[in-house]
Amino acid sequence: MPIDSDLLIDWFDSCARDLPWRRPECTAWGVLVSEIMLQQTPVARVEPIWHEWLSRWPVPSALAAASQGEVLRAWGKLGYPRRALRLHAAATAIATEHDDVVPSDVDTLLALPGIGAYTARAVAAFAYGKRAPVVDTNVRRVVARAVHGAGDAGPPSTTRDMADVAMMLPDDESRAARFSAALMELGAVTCTARSPRCADCPIYDDCAWQKAGRPAYTGPAKATQKYAGTDRHVRGLLLDVLRGTPGPVWKSKLDVVWSDAGQRDRCLDSLLVDGLVEQTRDGRFSLPGEH
DNA sequence: GATCCGTGGCG
DNA sequence: TCGCCAAGGAT
C-alpha cells in the first residue's frame with residue numbers, strides 16, 4: 001500500500017520540528033551546509049556548529065576564502081572531517097564556477113565534491129522546491145515498513161530505493177518536496193529504528209508493517225562496524241591534538257596518543273595523504289595551511 | 001557491492 | 001557495559 005501523501009504532508013505541516021535550515025529565510029547555502037553536516041551526524045550535534053558556520057561564512061565565497069585549517073577547527077568534533085574539506089572545495093567551486101550561487105540542478109550538484117545521490121536531491125528539493133526522490137536512511141526504513149511490511153530496510157540500492165520513492169512522489173513540485181521532507185521527519189521522530197512510536201504515527205492505519213503484526217527484521221545482518229582501536233579511532237586522536245594546538249607540533253606530541261607505533265605512523269601517513277594534516281619544512285605537523 | 005571514514009548518546 | 005545508531009560519500 002503506497003503512502004497517503006495528504007496525511008503525511010498534513011502531519012508534517014503541523015508537527016515538524018522547527019529546524020533552522022527549514023525556515024523560509026534560510027538560504028540554499030544554509031541548506032547545503034546542513035545537509036553535509038547531517039551526513040551520519042545527529043541533529044543535536046549539528047545545530048550549534050551550523051549556526052556558527054552560517055554566521056561566519058554566510059555565502060560560499062566566504063568559506064572559500066578561509067584556510068583549510070580554519071575550516072577543520074570550526075568543524076570541531078562533528079566527525080568525518082573529510083566532509084569539511086570537501087565542503088570547502090565545493091564552496092570554492094560554487095564561488096568560482098557558479099557565480100557564488102548554489103546550483104539547483106541535480107546533475108550539477110552531483111559534480112561537486114562531497115555531494116552524492118542523497119545530498120544532491122535534498123538540496124534540489126529543500127532549497128529549491130524541486131521534485132526529486134530524496135532517499136536517506138530514514139526514508140528507506142519508513143518505506144520498508146509502511147509499504148513493504150518489513151521490520152527494517154535491507155541493504156541499500158540507490159537505483160531501487162530511488163525508484164521506490166519516485167513512484168510515490170506527488171506530481172506537484174512543491175508538494176513533492178514537502179512529501180520528501182515529511183518521509184524523513186517521520187523516520188527521524190516517529191518511525192525510528194529502535195522503538196518506533198507507532199501510536200503517534202499519522203499513517204498507522206495504512207502501514208503494511210503494522211497490519212502484518214510488526215514482524216522483526218529478517219534480512220541479512222548488517223555489518224557492525226567497530227570503532228575502538230581502529231585506524232579511525234587513532235586518526236581521530238591525532239587530529240584532536242592538532243585541533244587543540246594553535247600551531248605546528250613535533251611528532252613526540254602526537255606519539256603519546258597511541259602506543260602502537262606502527263598503527264600510529266600509518267594513520268599519520270593516511271592523514272597526510274587525505275590532506276587533513278600537513279608537515280612543515282622543519283618536520284613538525286599541523287592542520288593544512290596553518291604554518 | 002563491500003569497506004573505510006569520527007564521534008557521542010542511548011537503551 | 002557495549003553494541004547500535006545518526007539527513008552518506010568516495011573508492
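When reading the values below, keep in mind they use all heavy atoms of this one structure, side chains included, and skip hydrogens, waters and symmetry mates. Letters A, B, ... are given to chains in the order of the sequence lines, protein chains preceding strands, and every chain is numbered from 1.
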Peer 1: Using the P atom on both, measure C:dA7 against B:dT3 and round to a whole Å.
Peer 2: 23 Å
Peer 1: A:T108: what forms a side chain to side chain contact (heavy atoms under 4.5 Å, CB included) with it, not counting sequence neighbours?
Peer 2: A:H98, A:P103, A:D105
Peer 1: Would you call A:T27 and A:V31 a side-chain contact if the rule is heavy atoms closer than 4.5 Å?
Peer 2: no
Peer 1: Tell me, please, the opening and closing nucleotides of DNA chain B, 5' to 3', among those with an atom under 4.0 angstrom from a non-hydrogen atom of chain A.
Peer 2: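 Range of nucleotides within reach of chain A: B:dC5 to B:dG11.
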Peer 1: Find out whether A:P2 and A:M167 are in side-chain contact, i.e. whether some heavy atom of one side chain is under 4.5 Å from a heavy atom of the other.
Peer 2: no
Peer 1: Atom CZ of A:R194 and atom P of C:dA6: how far apart are they, to the nearest Å?
Peer 2: 8 Å
Peer 1: Would you mind listing every side chain to side chain donor-acceptor pair (under 3.5 Å) that reaches into residues 189-215 of chain A, with sequence neighbours excluded?
Peer 2: none
Peer 1: Answer yes when A:D255 and A:K251 have at least one side-chain N-carboxylate O distance shorter than 4.0 Å, and no when they do not.
Peer 2: yes
Peer 1: Please lay out, stage by stage, how A:R17 and A:E185 fare under the test salt bridge (Lys or Arg N to Asp or Glu O under 4.0 Å).
Peer 2: CA-CA 8 Å; A:R17 291 168 295 175; A:E185 182 76 355; 2.9 Å; yes
Peer 1: Quick one, A:R83 with A:E35, criterion salt bridge (Lys or Arg N to Asp or Glu O under 4.0 Å). Give me CA distance, side-chain angles, the key distance, then yes/no.
Peer 2: CA-CA 11 Å; A:R83 288 183 293 166; A:E35 293 300 342; over 6 Å; no
Peer 1: Restricting to pairs with a member in residues 116-127 of chain A, which pass salt bridge (Lys or Arg N to Asp or Glu O under 4.0 Å), not counting sequence neighbours?
Peer 2: none
Peer 1: Looking across every strand, which nucleic acid part, if any, lies under 4.0 Å from A:R17 by heavy atom: base, sugar-phosphate, or nothing?
Peer 2: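 Base: the residue A:R17, judged by heavy atoms under 4.0 Å, touches a nucleobase.
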Peer 1: Send over the distance from A:N138 CG to C:dA7 P, rounded to a whole Å.
Peer 2: 4 Å
Peer 1: Would you give me the side-chain donor-acceptor pairs under 3.5 Å for residues 48-55 of chain A, sequence neighbours excluded?
Peer 2:
from: A:W50; atom 1: NE1; to: A:G30; atom 2: O; distance (Å): 2.9
from: A:W53; atom 1: NE1; to: A:A74; atom 2: O; distance (Å): 3.2

Peer 1: Residues two or more places apart in sequence or in another chain: which of them pass ring pair (Phe, Tyr, Trp, His ring centres under 6.0 Å) with A:W29?
Peer 2: none
Peer 1: Expressed in angstrom and rounded to an integer, what is the separation of A:I115 atom CD1 from C:dA7 atom C1'?
Peer 2: 14 Å
Peer 1: Run the salt bridge (Lys or Arg N to Asp or Glu O under 4.0 Å) check on A:R140 and A:D136 step by step: do they pass?
Peer 2: CA-CA 6 Å; A:R140 285 173 14 79; A:D136 73 332; over 6 Å; no
Peer 1: Given that A:R22 and A:L110 both sit by DNA chain C, which one's nearest nucleotide is further toward the 5' end?
Peer 2: A:R22
Peer 1: Using a cut-off of strictly less than 4.0 Å between a heavy atom of the residue and any atom of DNA chain B, enumerate the qualifying residues of residues 261-278 of chain A by number.
Peer 2: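 Heavy-atom contacts with DNA chain B come from no residue of residues 261-278 of chain A; none.
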Peer 1: Between A:S180 and A:L169, is any pair of side-chain heavy atoms under 4.5 Å apart?
Peer 2: yes
Peer 1: Please list, in numerical order, the residues of residues 219-246 of chain A that have a heavy atom closer than 4.0 Å to any atom of DNA chain B.
Peer 2: A:Q225, A:Y227, A:D231, A:R232, A:R235, A:G236, A:R243
Peer 1: Could you check whether A:A122 gets within reach of a base, just the sugar-phosphate, or nothing at all, counting any heavy atom under 4.0 Å?
Peer 2: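 Nothing, no nucleic acid heavy atom in range.
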Peer 1: Under 4.0 Å, counting only non-hydrogen atoms across every strand here, what does A:T119 touch: a base, just sugar-phosphate, or nothing?
Peer 2: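 It contacts sugar-phosphate atoms only.
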Peer 1: Base, sugar-phosphate, or nothing: which does A:W21 touch, judged by heavy atoms less than 4.0 Å apart?
Peer 2: base
Peer 1: So which of residues 80-96 of chain A are in contact with DNA chain B, with a heavy-atom cut-off of under 4.0 Å?
Peer 2: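 Per residue number, the list reads A:Y80, A:P81, A:R82.
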Peer 1: Decide yes or no for A:V135 and A:T158: does some side-chain heavy atom of the first lie under 4.5 Å from some side-chain heavy atom of the second?
Peer 2: no
Peer 1: Tell me what A:G116 touches on the nucleic acid: a base, only sugar-phosphate, or nothing, going by heavy atoms under 4.0 Å.
Peer 2: sugar-phosphate
Peer 1: Applying salt bridge (Lys or Arg N to Asp or Glu O under 4.0 Å), which residue pairs with at least one partner in residues 216-235 of chain A are found, sequence neighbours left out?
Peer 2: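 Of all non-adjacent pairs touching residues 216-235 of chain A, those that pass salt bridge (Lys or Arg N to Asp or Glu O under 4.0 Å) are A:D152-A:K222, A:D231-A:R266, A:R235-A:D274.
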Peer 1: Scan residues 252-276 of chain A for pairs that pass ring pair (Phe, Tyr, Trp, His ring centres under 6.0 Å), counting only residues two or more places apart or in two chains.
Peer 2: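 Residue pairs with at least one partner in residues 252-276 of chain A: A:H233-A:W258.
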Peer 1: Just the rounded figure in Å: distance from C1' of C:dA7 to CZ of A:R141.
Peer 2: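 It is 11 Å, rounded to the nearest whole Å.
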Peer 1: Give me the atom names and distance for the closest heavy-atom approach of A:V102 to A:P60.
Peer 2: CG2-CG, 4.4 Å
Peer 1: Tell me which of A:S157 and A:S195 sits closer to the 5' end of DNA chain B, going by the nucleotide each one is nearest to.
Peer 2: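 Nearest-nucleotide comparison on DNA chain B picks A:S157.
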Peer 1: Evaluate whether atom CG of A:D99 has more than 12 neighbouring non-hydrogen atoms of other residues, nucleotides or ligands under 6.0 angstrom away.
Peer 2: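 It does not: A:D99 CG has 12 such atoms or fewer within range.
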Peer 1: If I pick the P atom on B:dG8 and the same atom on C:dG9, what distance separates them, to the nearest angstrom?
Peer 2: 23 Å
Peer 1: Heavy atom of residues 26-47 of chain A under 4.0 Å from DNA chain B: which residues?
Peer 2: A:Q40, A:T41, A:R45
